[in-house]
Amino acid sequence: MSADETALAAGVAVVLGGVGLYGLHLWRLRRTASRTQDNA
Amino acid sequence: MRPRSAAALGLAVALALALNLTLGLVLAPPAAAFSAPVAQRLFYFHVPAAIAAYAVFTLTMLASAQFLRTRADRWDRLAASAAEVGALLTTIALATGILWSRVEFFSAGAIGTSSFGFALLGDPKFVTTTALWLVFLGYFALRRGVEREDARARLSAVYGILGYIGVPLSYLSSRFSPHPDLLARGSGLAPSLAWMLFGCIACWLVVAAALVALRADAAEHLAEPGPPIHSPPIGAEGA
């Protein structure tokens with residue numbers, strides 16, 4: 001794999017990883033919120 | 001927000017990203033003029049993520065101003081949610097820009113490994129965008145540092161408005177630097193590439209809007225059991 005291709009692969013990984021991890025964070029927040037409301 | 005609406009927003013994010021990947025990695029023509037033509041495809045993620053970050057920081061500023069006007073806590077939650085998504089998008093724009101420029105300049109032999117960091121620091125676009133990123137990381141530090149909810153909302157609204165100065169600085173800095181300003185008139189961007197770029201920008205605006213809506217909704221649900229953040233009017237405490 002050339003440096004050119006590695007840079008593209010790393011960039012796409014940053015994009016998908018960043019949005020994916022943030023999506024996971026949002027999913028956990030929503031789950032926490034619904035549990036809090038169920039307990040209240 | 002109903003779980004079904006949240007799932008629909010999540011699906012919209014996935015579809016917009018899939019369309020962006022298709023446009024940038026499959027449909028965009030190869031850029032033979034670049035010394036790193038494969039990494040040049042990062043252009044279709046780097047520029048749209050930056051534009052979407054500017055858009056959500058604008059939303060932070062507007063929601064902050066609206067909070068100061070109305071003191072309704074939903075505006076504070078919207079401002080904080082938009083700032084969080086903006087920080088994520090700025091991180092993506094900075095990371096893809098660094099990866100692309102590093103390999104582009106290396107391939108061209110323009111700069112060596114040891115001087116790459118110095119070359120970045122010489123680019124006003126990089127410096128102002130990193131400053132914008134740090135300003136909004138400071139926004140979260142401020143929110144964590146102030147315990148009283150009404151003071152936190154007021155201070156972060158003022159900070160969100162003042163910090164917005166970083167957006168025009170970052171956007172306009174390409175006029176004063178070697179950084180290409182591809183959205184300016186006469187930039188030389190071929191019409192087919194311009195349409196491809198505008199398609200990617202639309203995808204990222206959808207991603208940003210859906211993430212802000214999901215984040216603000218989660219914040220609203222988390223805040224519901226607690227007391228309202230308004231201070232009682234002066235003199236009303238003893239009433």
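A, B, ... follow the sequence lines: proteins, then strands. Residue 1 opens every chain.
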Trainee: Which atoms of B:Leu42 are under 4.5 Å from chain A, going by heavy atoms: the side chain, the backbone, both sets, or neither?
Mentor: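 Contact with chain A is through both the backbone and side chain of B:Leu42.
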Trainee: Name the option with the most non-hydrogen atom pairs under 4.5 Å to chain A; the candidates are B:Pro37, B:Ala95, B:Gly10.
Mentor: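 Between B:Pro37, B:Ala95, B:Gly10, the count favours B:Pro37.
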Trainee: Can you tell me which of A:Val15, A:Val14, A:Leu16, A:Leu21 forms the most heavy-atom pairs within a distance under 4.5 Å of chain B?
Mentor: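 That would be A:Val15.
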Trainee: Working to the nearest 0.5 Å, report the span between CD of B:Gln40 and CG of A:Asp4.
Mentor: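 Taking CD in B:Gln40 and CG in A:Asp4, the distance rounds to 9.5 Å.
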Trainee: Can you see which heavy atom on B:Val103 is nearest to which on A:Ala7, and at what distance?
Mentor: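 Smallest heavy-atom distance, with atoms named: CG1-CB, 3.7 Å.
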Trainee: Give, as side chain, backbone, both or neither, the part of B:Leu17 having an atom under 4.5 angstrom from any heavy atom of chain A.
Mentor: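 For B:Leu17, the side chain is the part near chain A, not the backbone.
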Trainee: Of the listed residues (A:Val12, A:Thr32, A:Thr6, A:Leu26), which shares the most heavy-atom pairs with chain B below a 4.5 Å separation?
Mentor: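 Looking at each of A:Val12, A:Thr32, A:Thr6, A:Leu26 in turn, A:Leu26 comes out on top.
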Trainee: Which bit of B:Val13 is near chain A, if near means a heavy-atom gap under 4.5 Å: side chain, backbone, both or neither?
Mentor: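 For B:Val13, side-chain heavy atoms alone lie under 4.5 Å from chain A.
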Trainee: Where on B:Leu89 is there a heavy atom nearer than 4.5 Å to chain A: the side chain, the backbone, both, or neither?
Mentor: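 Neither part.
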Trainee: Which pairs, with at least one residue in residues 12-22 of chain A and sequence neighbours excluded, count as a side-chain hydrogen bond (donor to acceptor under 3.5 Å, both in side chains)?
Mentor: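 Of all non-adjacent pairs touching residues 12-22 of chain A, those that pass side-chain hydrogen bond (donor to acceptor under 3.5 Å, both in side chains) are A:Tyr22-B:Glu84.
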Trainee: Report the distance from atom CG of A:Leu8 to atom CG of B:Leu25, rounding to the nearest 0.5 Å.
Mentor: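 Between A:Leu8 CG and B:Leu25 CG, I get 5.5 Å after rounding to 0.5 Å.
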Trainee: Looking at A:Arg28, I want to see if its CZ is surrounded by more than 12 non-hydrogen atoms of other residues, nucleotides or ligands under 6.0 Å.
Mentor: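 No.
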